[in-house]
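Comments concern the structure below.
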Amino acid sequence: MTERYDLLIIGAGLAGSAMATVLAGGGWDVLLVERDGFPRHKVCGEFISPEAQTTLATLGLKQVVAALQPVPIQRALLVTERGLSLPISLPGTAWGMSRYALDAVLATAAQQCGAHLRTETTVLRYEPCASGYTIHLRGREGPDTVQAHALIAAGGRHTLASLPPRARTQRRARQRVGVKGHFAGVAMPAVVELFFFPGGYAGVSPIEDGRVNVCLLADYTAFARAGRQIDQMLAAAASWNPALGRRLEGGSLVPATAVAVAPVDTGRAARPWDEIACLGDAAAMIPPLCGDGMAMALRSAELCAPLANAYLRGELSLAGWAEQYSRSWHREFASRLRTGRTLEWALSRPLLAAGLMRLGQFAPSLVSYLVQATRGKQ
Ligand SMILES: Cc1cc2nc3c(=O)[nH]c(=O)nc-3n(C[C@H](O)[C@H](O)[C@H](O)COP(=O)(O)OP(=O)(O)OC[C@H]3O[C@@H](n4cnc5c(N)ncnc54)[C@H](O)[C@@H]3O)c2cc1C
């Protein structure tokens with residue numbers, strides 16, 4: 001017999017697990033489906049902003065993350081390939097914490113609230129049916145079909161073409177490669193550092209267990225020039241920005257922590273509703289240099305949860321859910337997305353970046369204003 005759930009969530013990243021925690025905690029029968037197993041490494045700068053922590057606290061999840069002993073970070077430093085640098089005070093205390101630990105603990109928290117978690121299972125496609133949706137899965141034991149009254153997309157920036165986000169770009173110039181790896185033996189202050197190089201930028205952040213996460217975004221030309229391998233790309237970035245090379249001096253890549261992802265398109269049009277509610281990166285992706293993607297993923301779940309709850313209770317129509325969620329999503333995120341994309345565009349142009357950094361050195365209040373414009377409230 002076909003299994004039936006109140007809600008099925010595609011993807012147990014931050015947005016999916018947060019949503020499952022709230023809805024399962026509210027008494028709904030929730031199935032959270034994740035194509036990977038936990039724990040797993042993920043391409044991410046692993047910088048958890050103060051705003052992300054605010055939402056974690058609201059969702060009752062801050063303590064479980066704090067228990068993992070993240071590294072407190074209060075400052076940021078931007079460094080151009082020519083060595084021009086700009087120190088920035090963060091608007092609060094951020095955390096450095098691996099996605100390896102973070103995503104696993106949040107998925108477990110969702111289970112503890114009563115959500116059913118199916119890992120190593122991919123949602124292939126869905127179709128509407130009389131009672132909601134018929135959803136086709138493929139797991140370790142082969143294909144399966146389940147039904148759910150409501151369905152939510154939280155599969156991140158890139159999933160199957162049959163699922164949201166469907167607004168993909170064909171413009172290769174806008175697509176990039178994300179690469180990350182953990183380093184041991186790097187002397188690192190409690191600062192998140194951003195190093196620019198021709199064709200991309202790298203974020204370096206201290207994380208738990210004395211390690212340092214190095215994560216970069218590079219265009220295809222830079223990736224090809226580096227040799228198309230993860231370790232070659234990391235080494236090339238360190239040679240193209242000598243300050244990054246000095247930062248990583250004496251350090252070594254921890255085996256089995258290096259991962260890559262492509263294509264990454266931070267310019268994809270925002271679509272918080274695409275037949276179903278889209279959370280986190282499935283709705284839109286803010287450029288990684290803002291360090292705000294995880295905060296947006298968590299906050300989108302916080303915005304959507306009461307509406308999903310009202311829909312499941314029969315108090316809100318699907319059209320009403322779509323309309324209210326889209327409106328609150330755009331009110332909350334549209335302007336910071338625009339600012340973040342403009343900043344990334346400007347900082348990726350060496351002359352403009354140098355001009356902006358010099359301006360920032362003389363006008364720290366302008367820098368604070370720009371930083372604030374890319375993020376939500378604490
Ligand atoms: C290079 C880079 C650096 C970044 N650095 C930072 C940073 O330092 N700080 C920050 O806040 N943000 C950063 N981000 C952004 C951040 O990683 C994302 O915004 C965040 O992970 C979005 O969370 P999510 O839950 O929407 O998606 P994800 O975390 O991507 O989770 C989606 C999940 O869905 C699963 N999935 C996908 N398709 C299916 C399917 N069909 N069936 C089942 N499961 C599926 C995936 O396996 C994944 O686990 C960075 C991004 C990049 C690319």
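Scope of the values below: all heavy atoms of this structure, side chains included, with no hydrogens, waters or symmetry mates. For ligands, and for the atoms within them, numbers begin at 1 and follow the listed sequence.
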Do W273 and W329 belong together in a cluster built from hydrophobic side chains that touch within less than 4.5 Å?
->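 Yes; W329 is reachable from W273 via cluster members.
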Heavy atom of S49, distance to ligand 1 below 4.0 Å |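 It does not, in that no heavy atom of S49 comes within the 4.0 Å cut-off of ligand 1.
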For T121, is the nearest heavy atom under 4.0 Å from an atom of ligand 1?
->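 Yes; T121 lies near enough to ligand 1 that a heavy-atom distance drops under 4.0 Å.
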Are [X] and [Y] linked by a side-chain donor-acceptor pair shorter than 3.5 Å?
X: Q74; Y: T93; result: yes
X: R341; Y: T266; result: no
X: T54; Y: R299; result: no
X: E208; Y: S98; result: yes
X: D265; Y: H158; result: no

Which residue and heavy atom of the protein sit nearest [atom], plus the separation:
atom: atom 35 (C) of ligand 1; answer: E34 OE1, 3.2 Å
atom: atom 9 (N) of ligand 1; answer: F47 O, 2.9 Å
atom: atom 15 (C) of ligand 1; answer: G293 CA, 4.0 Å
atom: atom 1 (C) of ligand 1; answer: C215 SG, 3.5 Å
atom: atom 18 (C) of ligand 1; answer: D281 OD2, 3.2 Å
atom: atom 37 (C) of ligand 1; answer: G155 O, 3.0 Å
atom: atom 27 (O) of ligand 1; answer: G156 CA, 3.4 Å
atom: atom 38 (N) of ligand 1; answer: T159 OG1, 2.7 Å

Using a 4.0 Å cut-off to any heavy atom of [X], which atoms of ligand 1 qualify?
X: G280; answer: 26 (O)
X: L14; answer: 25 (O)
X: G11; answer: 33 (C), 34 (O), 35 (C), 44 (N)

A297-ligand 1 polar pair, N/O distance under 3.5 Å =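 No, since none of the N or O atoms of A297 sits under 3.5 Å from an N or O of ligand 1.
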Any N or O of V123 that comes nearer than 3.5 Å to an N or O of ligand 1?
->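 V123 vs ligand 1: N/O contact under 3.5 Å present.
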Pairwise distance OG(S328) to CZ(F333) - rounded to 0.5 angstrom =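 Here the interatomic distance stands at 8.5 Å.
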Compare [options] and give the one whose heavy atom is closest to [atom].
atom: atom 52 (C) of ligand 1; options: P288, A283, G291, G200; value: P288
atom: atom 51 (C) of ligand 1; options: R125, K42, M285, M294; value: M285
atom: atom 20 (C) of ligand 1; options: R35, M296, R157, R99; value: R99

Taking 4.0 Å as the limit for heavy-atom contacts, which would you say applies to [X] with ligand 1: side chain only, backbone only, both, or neither?
X: R40; result: side chain
X: A15; result: both
X: I10; result: side chain
X: A154; result: backbone

Flag yes if more than 12 heavy atoms outside Q63 fall under 6.0 Å of its CD atom; otherwise flag no.
->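 No.
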